[in-house]
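Heads up: the structure comes next, in structure tokens.
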Protein chains: 2
Amino acid sequence: MQSQQSRVLVQLRDLILKGEFGPGERLAEIPIAERLDASRTPVRLAFATLEQEGLVQSSPSGGYVMRAFTRKEIDDAIAVRGVLEGMAARLVAENGLTRAMSEELAACIRLGDEALAAPVLTIDGYADYVEMNNRFHELLVKFADNAALSRAIELNNRLPFAAASATLPMHSSTGDGRQWLLITHNQHHAMLHAMERREGTRAQALAIEHVEVARMNLRHAYEKAGETMGLMPAMRLLAGR
Amino acid sequence: MQSQQSRVLVQLRDLILKGEFGPGERLAEIPIAERLDASRTPVRLAFATLEQEGLVQSSPSGGYVMRAFTRKEIDDAIAVRGVLEGMAARLVAENGLTRAMSEELAACIRLGDEALAAPVLTIDGYADYVEMNNRFHELLVKFADNAALSRAIELNNRLPFAAASATLPMHSSTGDGRQWLLITHNQHHAMLHAMERREGTRAQALAIEHVEVARMNLRHAYEKAGETMGLMPAMRLLAGR
DNA sequence: CCAATTACAATTGCATGCAGTCAGCGGCGA
DNA sequence: TCGCCGCTGACTGCATGCAATTGTAATTGG
């Protein structure tokens, strides 16, 4: 049995990321404590952590309010992810992949190949791709073997829509979703190829370019806000400009 | 009058960074609460924040213990700072400096010029240089106008010896300390020059190269651990390897 | 009718009580 | 003498009480 505070933290973060609270909304301790079946103390602890993560902000008059995210903030965070993952890819390439690392990444990519093999993308195939994508990015960071880099990427990924797979659902509503997955997956292939050949600069450039699709998805989501809102309730956290 | 929890957080972080606690040492709530003249609650809040910052870690059996930092961790964090500040410099260069920004950076650099003008570096001149250095790096990040980038750099700088001026005292004990300051300050000049001319790639490369001096200082400090320990008590947080 | 002031209710920040748990120490047995 | 077991003391995690402050609403005065 885990502690109350970690349970509350996870559940509260989930609620926030599900768009349960509107931007600027006051987050009162007592209702949340009752809702998560805990006392106010672990809730306050969770707030302190969530403030560090940038999901809530402390109100000058006390207490915490839900943050709003501008489009620029998300876009900037994705750009930062590109630079950080670019560093990770470069480090992996420069340090060289062991046989085991290479295998693990290749196995991961093969899962993506299979998910995209069918001419029409099923829901399951899509879910498989998302999982593969998350795994690939995690492995990349892990193999870079740089704790500060891992921390920076983790912090950055806590922002809504900044993480690797966060913007994937945005174009799934359109017919050409599969096409973009093919393109980004080709970048995965190229990154592995570059890292295996110790081409650090190429691997880095690919990782940086890789996030441009995410930025494009974000742009797309803003234009079709109505459609994406349905499948991504957290969109309401994005303030107008 | 500020809140207890922010006061305790700042004071406790100071104590830690002054090397008050040894690596692995258990940080008991009650003695710390008494020492900082607060109750256990704000101390617990501060621990939660400090854990996010990576300065303390929660013990599996409850409570928190002081973290130890390996040499590789610090070295890696400095490398991450190089990449992030490189991104900042590139963004500033690409977006273009306004007249006011350019002036502010130039004024900052002039202070450095003055501090280094004397043939022998006085204590005051050294302190001026440190302040100028901090300011220059702060301005760089601020002018990049990217919140996610600022956050990442701030988090990274919380690690001991990762921040811009943290490794400066390390070679001040040696006679050639002024020489290295001249070199790094020349890099400041070059970065401003590159940014004014919108040479993004050059500005980025300079910022990345800029941290190599810090890494060298760290190496130096390890070799002369005995000397540096006197003026930087936090060195005891660095575990052997 | 509007604005200002006051009173009240709710909520936060902090302190502390309480129970569960872990660690350290001493004693006992082999 | 060494190792193991049990006990006790302390500390953490959590809940809750209390005071101060803020936000709100109602009432009164202009």
Side-chain angles (χ1 to χ4, degrees), chain A residues 1-16 18-68 237 239, chain B residues 1-68 158 237 239:
Chain A
M1 182 70 182
Q2 53 180 348
S3 68
Q4 290 280 72
Q5 61 188 72
S6 63
R7 184 179 63 82
V8 167
L9 175 62
V10 170
Q11 292 185 2
L12 186 51
R13 194 191 287 128
D14 257 26
L15 285 179
I16 289 174
K18 284 203 175 102
E20 188 73 14
F21 310 103
E25 181 177 339
R26 181 196 197 93
L27 302 171
E29 293 175 355
I30 298 178
I32 290 176
E34 284 174 358
R35 182 165 178 178
L36 300 183
D37 201 41
S39 85
R40 291 165 46 214
T41 307
V43 173
R44 289 179 65 78
L45 260 307
F47 277 153
T49 301
L50 293 171
E51 188 186 15
Q52 294 288 311
E53 295 178 1
L55 291 179
V56 307
Q57 63 188 154
S58 74
S59 158
S61 63
Y64 292 88
V65 297
M66 187 61 217
R67 266 208 53 185
L237 297 178
Chain B
M1 181 70 180
Q2 51 182 350
S3 67
Q4 291 280 73
Q5 61 188 72
S6 63
R7 185 180 62 82
V8 167
L9 175 62
V10 170
Q11 292 186 2
L12 186 51
R13 192 192 288 130
D14 257 26
L15 286 180
I16 289 174
L17 260 30
K18 282 202 176 103
E20 188 74 15
F21 310 103
E25 181 178 337
R26 184 196 192 93
L27 301 172
E29 293 175 354
I30 298 178
I32 291 176
E34 284 173 359
R35 182 165 178 176
L36 300 183
D37 201 40
S39 82
R40 291 166 45 213
T41 308
V43 174
R44 291 179 63 80
L45 259 309
F47 277 153
T49 302
L50 293 171
E51 186 185 17
Q52 295 287 311
E53 294 178 2
L55 292 180
V56 306
Q57 63 187 155
S58 74
S59 158
S61 63
Y64 292 87
V65 297
M66 188 61 217
R67 265 207 54 184
R158 293 262 187 248
L237 297 177

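Treat the numbers as computed from the prediction; the structure is a model and nothing was measured. By convention in this document, chain letters (A, B, ...) are assigned in the order of the sequence lines, proteins followed by strands, and residues within each chain are numbered from 1. Only heavy atoms go into these numbers, but all of them, side chains included; no hydrogens, no water, no symmetry mates.
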>> Using the rule given for side-chain contact (heavy atoms from CB on, under 4.5 Å), can you reason through B/Leu15 versus B/Arg35, listing the C-alpha separation, both sets of side-chain angles and the distance that settles it, and then say yes or no?
In response: CA-CA 11 Å; B/Leu15 286 180; B/Arg35 182 165 178 176; 3.9 Å; yes
> Are B/Ile32 and B/Phe21 side-chain neighbours, meaning at least one heavy-atom pair lies under 4.5 Å?
Replying inline: yes
>> Contact between B/Val8 and B/Leu45 at the side-chain level, heavy atoms closer than 4.5 Å - yes or no?
In response: no
Quick one: [X] [atom1] to [N] [atom2], roughly how many Å, whole number?
| X | N | atom1 | atom2 | result |
| --- | --- | --- | --- | --- |
| A/Phe47 | C/dT11 | CZ | P | 12 Å |
| A/Leu27 | C/dT11 | CG | P | 13 Å |
| A/Tyr64 | C/dT11 | OH | P | 17 Å |
| B/Arg44 | C/dC14 | CZ | P | 15 Å |
| A/Glu25 | C/dT11 | CD | C1' | 15 Å |

Residues 53-62 of chain A side chain polar contacts: donor-acceptor under 3.5 Å, at least two apart:
from    : atom 1 : to       : atom 2 : distance (Å)
A/Glu53 : OE1    : A/Arg13  : NE     : 3.0
A/Glu53 : OE2    : A/Arg13  : NH2    : 2.7
A/Glu53 : OE2    : A/Arg158 : NE     : 3.2
A/Ser58 : OG     : A/Glu51  : OE2    : 3.4
A/Ser59 : OG     : A/Ser61  : N      : 3.2
A/Ser59 : OG     : A/Ser61  : OG     : 3.1

>> Just checking A/Asp14: does its CG atom have more than 12 heavy atoms from other residues, nucleotides or ligands closer to it than 6.0 angstrom?
In response: yes
>> With nearest nucleotide decided by heavy atoms, which residue, A/Ser39 or A/Ser59, maps closer to the 5′ end of DNA chain D?
In response: A/Ser39
>> With nearest nucleotide decided by heavy atoms, which residue, A/Pro42 or B/Pro31, maps closer to the 5′ end of DNA chain D?
In response: B/Pro31
>> How close do A/Arg7 and A/Asp37 get, counting heavy atoms only, and between which atoms?
In response: NH2-O, 3.4 Å
> Nearest nucleotide by nearest heavy atom, which residue falls closer to the 5' end of DNA chain C, B/Ser61 or A/Ile30?
Replying inline: A/Ile30
>> Under 4.0 Å from a heavy atom of chain B: give me the 5'-most and 3'-most nucleotides of DNA chain D that qualify.
In response: D/dC11 to D/dC14
